Protein chains: 2
Amino acid sequence: MTVTDRYLANNQHYAASFEGPLPLPPSSKVAVVACMDARLNVYGLLGLQEGEAHVIRNAGGVITDDEIRSLAISQRLLGTEEIILIHHTDCGMLTFTDGEFLSQVEGETGVRPNWSSEAFPDLDEDVRQSVRRITGSPFVPHQDSVRGFVFDVATGRLREVD
Amino acid sequence: MTVTDRYLANNQHYAASFEGPLPLPPSSKVAVVACMDARLNVYGLLGLQEGEAHVIRNAGGVITDDEIRSLAISQRLLGTEEIILIHHTDCGMLTFTDGEFLSQVEGETGVRPNWSSEAFPDLDEDVRQSVRRITGSPFVPHQDSVRGFVFDVATGRLREVD
């Protein structure tokens with residue numbers, strides 16, 4: 001039995017008390033962009049309920065073309081207006097450099113990725129970088145509330161990055 | 001007061017009973033890729049606990065270079081081995097075409113995105129397409145358990161796509 005099978009069994013319990021469907025557009029008009037880190041329970045740490053906010057996640061919680069694509073669809077087609085960015089302490093992206101990772105992958109597969117790993121050496125600065133990639137994009141129309149935070153995996157608290 | 005401020009107040013309650021830190025590598029060695037849709041509470045619907053699984057999300061739950069980047073980091077640096085893909089019923093990505101969206105953005109901003117919207121007309125076929133984009137990538141080493149599902153937003157149930 002794989003872990004996937006165990007999670008499918010959990011889903012039976014979830015569905016037993018599930019009430020749906022809710023409307024498609026997020027009711028709070030918020031989109032969250034966060035790191036994929038297993039310790040970030042985005043619904044829990046923000047107190048989100050089903051149906052409230054889009055949640056976009058990747059390694060680092062960084063902004064690449066794919067997050068701009070998701071945010072453009074979120075705001076233009078589904079009505080969200082605020083953006084919450086979340087990086088976190090003890091992030092794996094702080095533990096290697098882009099060149100190291102790409103060379104490791106090339107060494108093992110023979111193929112060098114044509115993308116950046118988006119590794120970063122400074123947490124707060126990468127939150128600012130991510131905010132700037134959003135505010136610098138012509139494709140994300142609502143930019144009045146684009147705020148960046150660091151989640152502390154020791155305390156569960158969000159700290160805003162100025 | 002913005003919605004973001006309200007969520008920050010929720011975070012105070014979350015942190016009050018938070019116990020951390022947990023280890024960085026996901027304890028269940030699973031990575032989930034799911035749509036950003038507000039009705040998909042990934043922790044809830046799979047019964048995930050903090051620290052167990054990476055969660056990667058975007059518009060559609062599709063696989064682009066950025067999801068391959070995240071999965072490569074997840075498996076190569078942080079030890080995950082299984083992948084769970086989740087699309088869902090009533091998805092916004094079924095409601096428009098790529099050409100329509102790109103032309104709308106171009107019409108409003110004057111700039112045509114250099115990325116695809118990744119809109120799709122067939123839910124099951126796009127799950128298969130996403131699985132194939134993973135199994136066709138040289139950068140994702142563990143491919144023994146890459147399984148795709150559709151989440152039903154009316155019932156809360158996952159259905160596996162063969």
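Residue numbers begin at 1 in each chain, while the letters A, B, ... track the order of the sequences. Note: hydrogens, waters and symmetry copies are ignored here, and every other heavy atom, side chains too, is used. Values in this document were obtained by computation on a predicted structure and should not be read as measured data.
- Considering CD of E118(A) and CD1 of I73(B), their distance stands at 8.5 Å, rounded to 0.5 Å.
- The contact between T64(B) and chain A is made entirely by side chain atoms (from C-beta outward), counting heavy-atom distances below 4.5 Å.
- If you measure heavy-atom distances from R112(A) to chain B, the contacts under 4.5 Å come from the backbone alone.
- For chain A, no part of P25(B) is nearby; none of its heavy atoms comes within less than 4.5 Å.
- Looking at D144(B), neither its backbone nor its side chain comes within 4.5 Å of chain A, counting heavy atoms on both sides.
- Each of G60(B), P113(B), S74(B) has some count of heavy-atom pairs under 4.5 Å with chain A, and the biggest count is that of P113(B).
- Two different hydrophobic clusters hold L48(B) and L71(B) under the rule that ILVMFWY side chains link at heavy-atom gaps under 4.5 Å.
- In this structure, D122(B) places its CG atom where more than 12 heavy-atom neighbours from other residues, nucleotides or ligands lie under 6.0 Å away.
- Side-chain N or O atoms of E82(B) include none that pairs as donor or acceptor with a backbone N or O of T2(A) at under 3.5 Å.
- In the hydrophobic clustering of this structure, F120(A) does not group with V153(A); members are Ile, Leu, Val, Met, Phe, Trp, Tyr whose side-chain heavy atoms approach within less than 4.5 Å, directly or through other members.
- Transitive grouping of hydrophobic side chains (ILVMFWY, heavy atoms separated by less than 4.5 Å) keeps I86(B) and V146(B) in distinct clusters.
- L158(B) contributes atom CG, which lies 9.0 Å from atom CD of Q12(A) (distance to the nearest 0.5 angstrom).
- E52(B) and Y7(A) share a side-chain donor-acceptor pair at under 3.5 Å.
- Contact annotation for S28(A): both backbone and side-chain heavy atoms come within less than 4.5 Å of a heavy atom of chain B.
- With a threshold of 4.5 angstrom between heavy atoms, A72(A) approaches chain B through its backbone and through its side chain.
- Contact tally against chain A (heavy-atom pairs below 4.5 Å) for S116(B), S27(B), P23(B): the top residue is P23(B).
- Of the inter-residue distances, the one linking L8(A) atom CG with R147(B) atom CZ reads 5.5 Å to the nearest 0.5 angstrom.
- Interatomic distance, N10(B) CG to L45(A) CG, rounded to the nearest 0.5 Å: 10.0 Å.
- Hydrophobic clustering, with ILVMFWY side chains joined whenever heavy atoms are under 4.5 angstrom apart, keeps V3(A) apart from L78(B).
- Using bins of under 30°, 30° to 60° and over 60° for the plane-to-plane angle, the ring pair Y14(B)/F151(A) lands in the tilted bin.
- The residue among L24(A), L22(A), I84(A) with the most heavy atom pairs within less than 4.5 Å of chain B is L24(A).
- In terms of non-hydrogen atom pairs under 4.5 Å with chain A, the most contact-rich of P138(B), A119(B), S117(B), P26(B) is S117(B).
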N58(A) and R69(B): side chain to side chain contact (heavy atoms under 4.5 Å, CB included), yes or no, with the steps? CA-CA 9 Å; N58(A) 64 31; R69(B) 176 186 71 83; 3.5 Å; yes

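- Between the side chain of D66(A) and the backbone N or O of D66(B), no donor-acceptor pair lies under 3.5 Å.
- Of the listed residues (E19(B), H54(B), E50(B)), the greatest number of heavy-atom pairs within a distance under 4.5 Å of chain A belongs to H54(B).
- When each of E81(A), R57(A), R157(A) is checked for heavy-atom pairs under 4.5 Å with chain B, R57(A) comes out on top.
- In terms of hydrophobic clustering, with Ile, Leu, Val, Met, Phe, Trp and Tyr side chains grouped at heavy-atom distances under 4.5 Å, V140(B) and W115(A) are assigned to a common cluster.
- Distance OG1/T4(A) to NZ/K29(B): 13.5 Å, rounded to 0.5 Å.
- Heavy-atom distances place both the backbone and the side chain of V111(A) under 4.5 Å from chain B.
- Residues of residues 32-42 of chain B placed with any heavy atom under 4.5 Å of a heavy atom in chain A are listed by number as M36(B), D37(B), A38(B), R39(B), L40(B), N41(B).
- Ranked by heavy-atom pairs shorter than 4.5 Å toward chain B, the options V30(A), I56(A), L46(A), I83(A) are led by L46(A).
- Heavy-atom neighbours of chain B within the stretch residues 89-109 of chain A, taken at a separation under 4.5 angstrom, comprise D90(A), G92(A), M93(A), F96(A), F101(A), Q104(A), V105(A), E108(A), T109(A).
- With chain B as partner, the option from G20(A), A59(A), G110(A) having the largest number of non-hydrogen pairs under 4.5 angstrom is A59(A).
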With side chain to side chain contact (heavy atoms under 4.5 Å, CB included) as the test, would you mind laying out the steps for D65(A) and D65(B) before giving the verdict? CA-CA 9 Å; D65(A) 278 353; D65(B) 278 351; over 6 Å; no

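- In this structure, chain A has no heavy atom under 4.5 Å from any part of A9(B).
- Looking at N11(B), its side chain does come within 3.5 Å of a backbone N or O of G156(A) through a donor-acceptor pair.
- Ranked by non-hydrogen atom pairs under 4.5 Å with chain B, the options D152(A), V62(A), V55(A), L77(A) are led by V55(A).
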